[in-house]
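Heads up: the structure comes next, in structure tokens.
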Amino acid sequence: MTATAATDLPLWPPTNPDHGPFALLDEAERGRLAGPVTRVRLATGSTAWLVTRHADVRQLLRHPGLSANFEKPGFPLLRPLPPQSEVDRQGGFIRMDGDEHTRLRRMLTAEFMIKNVRRIEPLIQRTVDESLDDLQAAGPPADLVEAFALPVPSMVICHLLGVPYADHAFFQARSRTLLDRTAPVDRVRTEVRELRDYLRELIVARQTGADASTDLISRLVRDRVATGQLSVDELVGMALLLLVAGHETTANMIGLSTLLLLREPGRLDALRENPDRAPALVEELLRYLSVVRTGLPRLALEDIEIGGRLIRAGEGVIAVLSLANRDPEVFGAADEFDPYQQAHQHLAFGFGVHQCIGQPLARAELRIALVELARRFPGLRTTATPEQVSTRDTSVVFGLNSLPVTW
Amino acid sequence: MRIEVDRDRCCGSGNCVLAAPEVFDQDEADGLVLLLRAAPPPEAVDRVRRAADVCPAGAIRLT
Ligand code: SF4
């Protein structure tokens, strides 16, 4: 496709944020983009196919002929890739394909499996309880994002990894830059390096000391690095992924979920009265809010037919999880939030072999955080309308900047 | 119904365990799927279908 023709294509992601936190796109954008398979242009100047139907997104993300490797020529980047050295990409398995990806992911699968997350539920519960004590002491009023939604998953992932939570201001600020599509590439590169250096120091300290800690980094140092199965730089990259993904996504889900539940009287009461309904509610929140709203980019390595379109080898594709999660063929009145929806088919965690490794942890954190919030703050309300809250429109992970609450 | 799982394909997401815990488990050592019984009890058949459907890696085969 020529450059002139490309400028006529709709832009992805669209730039109008004035549709509030719960609509994915405004009506006009939705008409242009909901495809089901639409050619779009990206801010980086390249073009890609936007795939929006549930069945198509599943087929796409499970297809072996698609690459997740950002560095391949033609990859549909949402923002320019900072110049990377070989060291910068080590361990970042979400951007790897095939055996390279499998080798690293499998070092972590046991860690985040359901059984293990159950074992750490008391830690999550304690963290939630303490954060709610702090919230109580801080207000009313208070900012729920700063006092609760962000600290809970941050503290939990720090504890699991063995990263000092005292450094949270440092890594939270840098995580934010990393996920911001509009951050200048130089800044992204600098801050990624700072994070990597920080994690490398933690890892090297464990290699040299007589370390008997049981956190994940310590165990990986002993079981994988010391045995020659994993290099320090690979472990740095894996820890970086877990640290960033481990708090950003869940924090944004807690903030948005609270705003959504507060929107209709009785939703928090229902949760308090029936906490056993919380797991199903969490699935519907994940479906409806789908925080990774700009979708998952992939590069076709072979010709693939999706939704009746032929996508050629070398073309970019974007699987829009959030729109697939509003597919009326699967979820009925999908633009409505329905606490009784059977939402287990949602794609909020992605699909295919890259599907979120931390999903059992995210589910448990969300469930415990919301149930306890409902129990401890029966009179909770927000002082802002959904239209007034400040949203993170340029982040790869959508969410609220703050949520003013009182009780 | 017969169930087969392909551990080479499995990515350890645990969706099958969520759907049908009496049929699927995850290995303590590597987090990959373990099949507890190849023939599901009648009351689990629907949930086993759901497990195969939500398996992100296509690692569950039903015949
Ligand atoms: S759902 Fe599929 S990928 Fe996930 S643990 Fe079960 S078999 Fe493995």
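From a predicted model like this one, the values you see are computed outputs, not experimental measurements. Throughout, protein chains are lettered first and strands after them, A, B, ... in sequence-line order, and every chain is numbered starting at 1. The figures here come from the full heavy-atom set of this structure, side chains too, leaving out hydrogens, waters and symmetry mates.
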What are the residues of [range], in order of number, with any heavy atom under 4.5 angstrom from a heavy atom of chain A?
| range | answer |
| --- | --- |
| residues 53-63 of chain B | B:Asp53, B:Val54, B:Cys55, B:Pro56, B:Ala57, B:Gly58 |
| residues 2-15 of chain B | B:Arg7, B:Asp8, B:Arg9, B:Cys10, B:Cys11, B:Gly12, B:Ser13, B:Gly14, B:Asn15 |
| residues 30-40 of chain B | B:Asp30, B:Gly31, B:Leu32 |

- Task: Select one option (side chain, backbone, both, neither) describing which atoms of A:Ile357 are under 4.5 Å from chain B's heavy atoms.
- Result: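 For A:Ile357, no heavy atom lies under 4.5 Å from chain B.
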Which bit of A:His101 comes within less than 4.5 Å of chain B, counting heavy atoms only: side chain, backbone, both or neither?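 No part of A:His101 comes within 4.5 Å of chain B.
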*asked:* Which atoms of B:Ala19 are under 4.5 Å from chain A, going by heavy atoms: the side chain, the backbone, both sets, or neither?
replied: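 Contact with chain A is absent: no heavy atom of B:Ala19 under 4.5 Å.
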- Task: Please report the shortest heavy-atom distance between A:Gln355 and A:Arg105, naming the atom on each side.
- Result: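 So the minimum-distance heavy-atom pair works out to O-NH1, 2.7 Å.
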key: A:Asp215 and A:Ser218 side chains, donor-acceptor separation under 3.5 Å   =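 Yes, a side-chain donor-acceptor pair sits under 3.5 Å.
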### Query
Under the 6.0 Å and 45° cation-pi test, does A:Arg95 pair with A:Phe70?
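Output yes; distance and angle both within limits.
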Please say whether the positively charged group of A:Arg62, taken as NZ for Lys or CZ for Arg, lies over the ring of A:Phe351, i.e. under 6.0 angstrom from the six-membered ring centre and within 45 degrees of the axis.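 Verdict for A:Phe351: no cation-pi partner in A:Arg62.
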By the definition side chain to side chain donor-acceptor pair (under 3.5 Å), identify the one residue from A:Gln345, A:His344, A:Arg363 that meets it with A:Glu283.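 Answer after filtering A:Gln345, A:His344, A:Arg363: A:Arg363.
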Can we say [X] and [Y] salt-bridge, meaning some charged N sits less than 4.0 Å from an Asp/Glu carboxylate O?
| X | Y | result |
| --- | --- | --- |
| A:Arg119 | B:Glu28 | yes |
| A:Glu284 | A:Arg287 | yes |
| A:Glu329 | A:Arg53 | no |

**OP:** Show the numbers, then the answer: is there a side chain to side chain contact (heavy atoms under 4.5 Å, CB included) between A:Val51 and A:Leu323?
**Re:** CA-CA 9 Å; A:Val51 178; A:Leu323 286 169; over 6 Å; no
Taking atom [atom1] of [X] and atom [atom2] of [Y], what is their separation to the nearest 0.5 Å?
| X | Y | atom1 | atom2 | result |
| --- | --- | --- | --- | --- |
| A:Leu289 | A:Asn252 | CG | CG | 10.5 Å |
| A:Met238 | A:Leu230 | CE | CG | 5.5 Å |
| A:Leu271 | A:Arg367 | CG | CZ | 11.0 Å |

Q | Summary of side chain to side chain donor-acceptor pair (under 3.5 Å) pairs that have at least one residue in residues 289-298 of chain A, sequence neighbours excluded | A |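 Listed once each, the pairs are A:Ser290-A:Asn325.
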Original post:
Does the A:Lys72 side chain pair with the main chain of A:Leu299, one donor and one acceptor, at a distance under 3.5 Å?
Top reply: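 Not at all, since once roles are kept as given, no pair shorter than 3.5 Å links the two residues.
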